[in-house]
Number of protein chains: 2
Amino acid sequence: MKRSSISDIAKRLGVSNTLVSMVLNGKAKENRISEETIKRVFEVAKELNYQPNQLARGLRTGKSKTIGLIVADISNPFFSRIGRKIEDEASKYGYHVIFCSSDENTQKTKTLINVLNERQVDGFIISPTAGSQQQIKELLDSDIPVVLIDRYFTELETNYIAIDNYTSSYKIVKSLIVQGYKRIGSLFFNTDMVHMKHRMNGYKDACKEAGIQLDERWIRNVDFENLEESIKKEMKALISPEIDCDSFFFPTGELAVKSLEGLAEDDIHIFNHTGISCFDDPEAFHFSPFPVITLTQPINEIGNKAIDIIMEEIESENEVDSPRKVILDSHILERRYESH
Amino acid sequence: MKRSSISDIAKRLGVSNTLVSMVLNGKAKENRISEETIKRVFEVAKELNYQPNQLARGLRTGKSKTIGLIVADISNPFFSRIGRKIEDEASKYGYHVIFCSSDENTQKTKTLINVLNERQVDGFIISPTAGSQQQIKELLDSDIPVVLIDRYFTELETNYIAIDNYTSSYKIVKSLIVQGYKRIGSLFFNTDMVHMKHRMNGYKDACKEAGIQLDERWIRNVDFENLEESIKKEMKALISPEIDCDSFFFPTGELAVKSLEGLAEDDIHIFNHTGISCFDDPEAFHFSPFPVITLTQPINEIGNKAIDIIMEEIESENEVDSPRKVILDSHILERRYESH
DNA sequence: TTTTTTTACTAAAAGGTTTTAGTTTTCTTT
DNA sequence: AAAGAAAACTAAAACCTTTTAGTAAAAAAA
């Protein structure tokens with residue numbers, strides 16, 4: 001059966017659409033609609049099971065009440081947990097979220113920004129990919145609210161929410177060193193996103209300041225495409241007798257998990273005497289028999305702040321002042337599942 | 001700067017909106033628009049950086065090109081992985097996905113279905129919660145395409161995609177028994193969703209058929225609200241000397257992980273000689289030192305099928321025949337990270 | 001009694017698109 | 001030369017809201 005519209009209600013009551021719209025939007029009082037009429041409108045609305053058409057409303061008001069979320073991969077727990085928080089917070093404002101995964105692909109990000117724009121999203125929350133500065137700048141130029149999360153571009157004056165990557169990474173590696181490890185291998189994504197650079201620098205400096213002579217061969221890069229293959233190859237190198245690392249630092253949980261999972265059956269044993277450390281406290285290490293140093297990020301705060309900022313921008317018509325740059329705290333966690 | 005519309009292009013060229021719309025929608029040929037005009041339309045469209053307003057289009061065509069996904073919790077890896085697949089498949093059809101989490105809450109589900117309806121989603125993919133039969137029936141009655149995933153209602157003639165929960169659960173528990181375990185504790189969600197019942201029956205029958213005398217105390221229920229607390233309490237009972245289980249069966253990965261994580265420090269050691277088994281192969285057990293039996297579900301197939309079915313219903317105007325009931329295969333995985 | 005104010009309501013436009021049912025001009029036929 | 005067909009385009013309605021700028025009738029003030 002056909003959905004009913006405002007004019008169905010209006011016709012039934014013999015009143016104007018205007019009146020019905022006003023009543024249903026709670027503007028009855030200020031427009032001095034009579035109590036009696038108000039009552040009848042609600043009755044008929046209920047009777048016809050009226051549901052406002054948000055497309056029509058959005059078209060008229062210019063607000064879709066939708067925000068676009070673009071992350072690398074929504075099935076990555078780090079992002080899905082942030083996504084969940086964003087969903088919850090947005091819904092408090094009557095907003096819904098379209099989730100999109102960019103796979104760290106510049107072209108895909110560009111397309112996603114475009115199609116979300118066509119859908120008239122009221123704001124973007126983006127964990128940006130290398131090379132999408134231009135696209136994001138265009139959003140800013142057209143005054144569409146944007147908040148970047150997890151990463152940002154130093155050359156772009158945007159809102160962002162992140163952690164102090166340099167210090168976090170420094171602390172992780174420091175902990176590893178305190179535990180006695182001396183030859184710390186690492187795997188970085190091959191990207192020029194600044195957060196990755198910071199994580200690398202923290203790692204390097206922690207080593208240097210502990211008097212560890214960094215071996216260039218300890219630092220490996222992997223590509224987003226063919227990630228699994230890429231990881232296997234570099235890990236093989238790191239655990240080879242020539243390089244012979246006694247521990248690892250991974251700048252993301254994803255990288256850590258995939259690296260360990262990617263090891264050949266024969267190589268897995270090495271973890272019994274190898275130190276593992278990474279960002280993001282992945283679930284995979286919650287019961288690992290080898291000791292792990294992880295970094296918990298403030299997922300809920302990230303989601304919270306992102307919505308706070310985006311809503312402030314959406315709901316204030318006048319330009320919002322300077323961009324908000326939020327750096328949140330992260331925490332080191334030394335995990336070990338004690339068998340026996 | 002203001003977004004440009006079809007009529008901006010039309011004005012600029014001195015032609016009608018109709019013509020511009022036709023050209024941009026690739027209907028130029030069938031409406032014999034001249035080559036020259038076509039060219040100019042595209043030029044101006046590009047010059048003005050035209051982006052179609054999908055709200056307006058949706059209003060006019062009655063298609064929002066959006067599908068609503070409702071799951072228990074999008075931060076649960078099982079669902080976020082399905083969500084990712086659905087996102088990818090939907091995008092092949094030009095569709096986007098609004099992700100929503102119901103927290104297994106009937107009222108919330110109801111609200112979500114309503115608001116997604118107001119947004120004119122073209123179809124629903126839902127992992128339904130107990131008590132939402134009525135709401136889903138209403139969707140069916142108003143001919144809105146719906147596919148249920150992971151669970152379904154026996155009393156409702158809907159499309160659904162699931163696995164054979166009884167057999168899966170039977171196989172898991174059987175494997176546990178083959179490994180020599182004899183006192184298998186279990187924790188079920190307190191719900192009357194049929195998938196949970198099936199999983200319970202599979203467990204019971206596997207025990208019975210192996211000649212194991214089921215102790216009622218082995219079967220515990222936990223509530224969705226206060227889940228963590230509820231779990232702690234029941235697990236405490238299961239590992240108590242009176243009940244003294246030598247192994248566990250958990251009907252979802254979430255339950256398994258939370259149960260083990262919820263154990264007090266002092267109790268954790270028990271897992272060194274305890275068999276653990278569960279649905280969903282959670283990442284948390286990928287490096288667990290204790291042996292684990294898990295069940296991998298065909299995530300990608302679930303997402304694929306869901307979109308296949310929903311698209312078929314969306315794109316065929318005439319009634320689609322009988323509901324599609326899809327039962328997919330699942331696989332047992334015996335995991336053990338070999339230390340040494 | 002006339003004017004002003006208040007009360008309760010409405011007509012119509014606007015937002016951007018698609019689509020139906022044309023129209024006008026030029027070209028072919030007969 | 002007239003009729004018919006083809007080519008190239010258009011006017012206007014429709015989708016459903018919200019909002020602006022009212023109006024008509026009743027009540028209050030002068």
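Naming convention: chains lettered A, B, ... in sequence-line order (proteins, then strands); numbering from 1 in each chain.
For Leu19(B), the side-chain atoms get nearest to dC9(D) when compared with the rest of dT18(C), dG16(C), dC9(D). With dT10(D), dC16(D), dC9(C) as the candidates, the nucleotide lying closest to the side chain of Ile33(A) is dC9(C). Distance from the side chain of Thr18(B) is smallest for dA12(D) among the nucleotides dA12(D), dT17(C), dA13(C). The side chain of Asn17(B) lies closest to dT17(C) when the candidates are dT17(D), dG15(C), dT17(C).
Taking side-chain N and O atoms only, Ser7(A) has no distance below 4.0 Å to OP1 or OP2 of dC16(D). OP1 or OP2 of dT17(D) has not a single side-chain nitrogen or oxygen of Thr61(A) nearer than 4.0 Å. OP1 or OP2 of dT18(D) sits under 4.0 Å from a side-chain N or O of Ser21(A). For the pair Ser5(A) and dC16(D), the criterion of a side-chain N or O lying under 4.0 Å from OP1 or OP2 is not met. Close to dT19(C), at under 4.0 Å from its OP1 or OP2, lies a side-chain N or O of Lys27(B). Between Asn53(B) and dG15(C) there is no side-chain polar atom (N or O) within less than 4.0 angstrom of OP1 or OP2.
At a threshold of 4.0 Å, the pair Arg40(B)-Glu43(B) does not count as salt-bridged, since none of the basic side-chain nitrogens sits closer than that to a carboxylate oxygen. Look at Arg84(B) and Asp103(A) and you find a salt bridge, because one of the NZ, NE, NH1 or NH2 atoms lies within 4.0 Å of a carboxylate O, short of that distance. Residues Lys27(A) and Glu30(A) are not paired through a salt bridge, judged by the lack of any N-O separation under 4.0 Å between the basic side chain and the carboxylate. In summary, Lys85(A) and Glu301(A) do not engage in a salt bridge, as defined by a charged side-chain N under 4.0 Å from a carboxylate O.
Distance, Gln120(B) CD to dC16(D) C1': 9 Å, rounded to whole Å. With rounding to whole Å, Glu118(A) atom CD is found 13 Å from dG16(C) atom C1'. Residue Ile9(B) contributes atom CD1, which lies 12 Å from atom C1' of dT17(C) at whole-angstrom precision. For Lys29(B) and dC9(D), the NZ to C1' distance is 16 Å, given to the nearest whole Å. For the pair Ile38(B) CD1 and dA7(D) P, the interatomic distance rounds to 14 Å; values are reported in whole Å. Between the P atom of dT17(D) and the CZ atom of Arg3(A) lies a distance of 11 Å, rounded to the nearest Å. In this structure, Glu30(A) atom CD and dT18(D) atom P are separated by 13 Å, rounded to whole Å. Residue Met22(B) contributes atom CE, which lies 9 Å from atom C1' of dT20(C) at whole-angstrom precision.
Position along DNA chain C of the nearest nucleotide to Arg32(A) versus Val15(A) favours Arg32(A) as the more 5'-ward residue.
For Arg57(B) against dT17(C), no side-chain N or O and base N or O form a donor-acceptor pair under 3.5 Å. Below the 3.5 angstrom threshold, one finds a donor paired with an acceptor across the side chain of Arg60(A) and the base of dT18(D).
Other residues, nucleotides and ligands place no more than 12 heavy atoms under 6.0 Å from the NZ atom of Lys110(A). Other residues, nucleotides and ligands contribute at most 12 non-hydrogen atoms within 6.0 Å of the NZ atom of Lys137(B).
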